[in-house]
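Working notes, structure below.
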Amino acid sequence: MRKKTFLYVFFAGLSVLLIAGFVLRQQFYGNAVKTERELFVSSRADYRALVDSLLPELKHHWAFGVYARRINLAETFKPGHYLLERGMSVIRVARMLKLGMQTPVRVTINNVRIPAQLAQKLAGQIDADSAAIMRALTSDEVARKAGFDSLTLFSMFIPNTYEFYWTVTPEEFVERMKREYDRFWTPERDALRKRSGLSRFEVMTLASIVYEETRKTDEMPRVAGVYVNRLKKGMPLQADPTIKYAMQDFGLRRILYKHLKYESPYNTYLNKGLPPSPICMPGINAIDAVLNYEKHDYIFFCARETFDGYHNFAKTLREHNANAQAYSRELNRRKIK
């Protein structure tokens, strides 16, 4: 009888141990992440902030705490962007944070006119704040390492979508953009550039004007051809977008005579040649349009009075004045000031 009792107790205890072991194993190795989520851990966050953002996404909080203490996660976690996959265990999650096994983020840069705007856009996509990014974008030292100066560095950025680690520093971002810039300038593009007699910097600057003049890709080579003709003739470019840039008034809808007198090195009505730097970050379509500029005899163009985004082109001032008057009449009729 005693032997049977002993066996019952033994097997009961063994069962409890097995069940407890299974439960414990499930706590550490079982499914812990409820649903797939992104986790952003800032370099400015402490461990408490990490735990507060992580635990709502996890089951088995106790097991996570135990394992985190075992691997000293509080002192060793790495900031970054992490992908929490559904069903991950607390051990996998903790190790991922300890080893810094980040998932890259996609960073898009486009439709930017000035470095401050670029800094603000980047701050919403990487961990660095806009002030730190702005310091890098205007730093003589950072620019010099890339082969530019603080004024011309902005011409280096090619609009596109890139993959970065979320914790990339502003300086590392600039270094990567230099590699992308070098990759963009293929031997084929450089051969086309030499046809125009422009440097890479001049191509980017002219492309910025073309991009601001028209967003019609099929018209860009013709607009670029007008400006190349003016440069070759030694004529002022007289590009209205440079007035907006000079005045830093990008909402200006109508350029008036008084605006043309605004004193600035960017005013291409008062100054011959290209402005000191790009007036925006031109799209790749505008850059390629300058490289493949259309050869023609046009030296004037004016927005169509149909407001369809296209332009009327002219070879003589007389033709251009007629086009400009038609457009001006339509502006007046629509009460655009």
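The chain is numbered in sequence order, starting from 1. Heavy atoms only: backbone and side chains are in, while hydrogens, waters and symmetry mates are out.
- For Arg44, the CZ atom counts as densely surrounded, since its 6.0 Å shell holds more than 12 non-hydrogen atoms of other residues, nucleotides or ligands.
- Heavy-atom contacts from other residues, nucleotides or ligands closer than 6.0 Å to OH of Tyr162 number more than 12.
- More than 12 heavy atoms of other residues, nucleotides or ligands shown are found within 6.0 angstrom of CD on Gln125.
- A side chain to side chain contact (heavy atoms under 4.5 Å, CB included) with Val210 is found for one member of Arg222, Glu219, Met220 and no other, namely Met220.
- Counting non-hydrogen atoms of other residues, nucleotides and ligands closer than 6.0 Å to CZ of Arg318 gives a total of 12 or fewer.
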For this session: Just do the ring pair (Phe, Tyr, Trp, His ring centres under 6.0 Å) check on Phe148 and Tyr181 with the steps written out, would you?
Result: CA-CA 12 Å; Phe148 294 81; Tyr181 177 83; 5.5 Å; yes
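- Interatomic distance, Ser53 OG to Arg37 CZ, rounded to the nearest 0.5 Å: 13.0 Å.
- Placement of Leu260 and Leu317 in two distinct hydrophobic clusters is found when ILVMFWY residues are connected by side-chain heavy-atom separations under 4.5 Å, directly or transitively.
- By the neighbour-count criterion of 12 heavy atoms within 6.0 Å, atom CD of Glu163 is densely surrounded, having more than that number from other residues, nucleotides or ligands.
- The CZ atom of Arg95 sits 3.5 Å away from atom OH of Tyr67, with the distance rounded to the nearest 0.5 Å.
- Interatomic distance, CG of Leu252 versus CD1 of Ile243, reported as 9.5 Å (0.5 Å rounding).
- Residues Arg176 and Glu172 are not paired through a salt bridge, judged by the lack of any N-O separation under 4.0 Å between the basic side chain and the carboxylate.
- Exactly one of Tyr327, Tyr310, Tyr227 qualifies for a ring pair (Phe, Tyr, Trp, His ring centres under 6.0 Å) with Phe301. That residue is Tyr227.
- Remark: Asn267 CG to Thr242 OG1 distance equals 5.5 Å, nearest 0.5 Å.
- For Met235, the CE atom counts as densely surrounded, since its 6.0 Å shell holds more than 12 non-hydrogen atoms of other residues, nucleotides or ligands.
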For this session: Could you give me the CA-CA distance, side-chain angles and deciding distance for Arg48 and Asp52, then say whether salt bridge (charged side-chain N to carboxylate O under 4.0 Å, His left out) is met?
Result: CA-CA 6 Å; Arg48 185 70 260 166; Asp52 287 346; 3.3 Å; yes
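- Remark: Thr217 OG1 to Tyr211 OH distance equals 8.5 Å, nearest 0.5 Å.
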Exercise. Can Glu330 and Arg333 be said to form a salt bridge (charged side-chain N to carboxylate O under 4.0 Å, His left out), step by step?
Worked result: CA-CA 5 Å; Glu330 186 60 20; Arg333 191 185 72 80; 2.7 Å; yes
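- Asn111 approaches Lys121 most closely through the heavy-atom pair O-NZ, 4.1 Å.
- Sorted by first and then second residue, the ring pair (Phe, Tyr, Trp, His ring centres under 6.0 Å) pairs involving residues 254-289 (not counting sequence neighbours) are Tyr245-Tyr266.
- In terms of heavy-atom proximity, Pro241 sits nearest to Glu212 at CB-CB, 3.5 Å.
- In this structure, Arg230 satisfies the cation-pi test against Phe300, with its NZ or CZ atom closer than 6.0 Å to the six-membered ring centre and inside 45 degrees of the ring normal.
- Looking at heavy atoms from C-beta onward, Leu331 lies in side-chain contact with Phe307 at the 4.5 angstrom threshold.
- Taking 4.0 Å as the cut-off between side-chain N and carboxylate O, Arg193 and Asp190 count as a salt-bridged pair.
- Atoms CE and CD1, on Met281 and Ile158 in that order, are 8.5 Å from each other to the nearest 0.5 Å.
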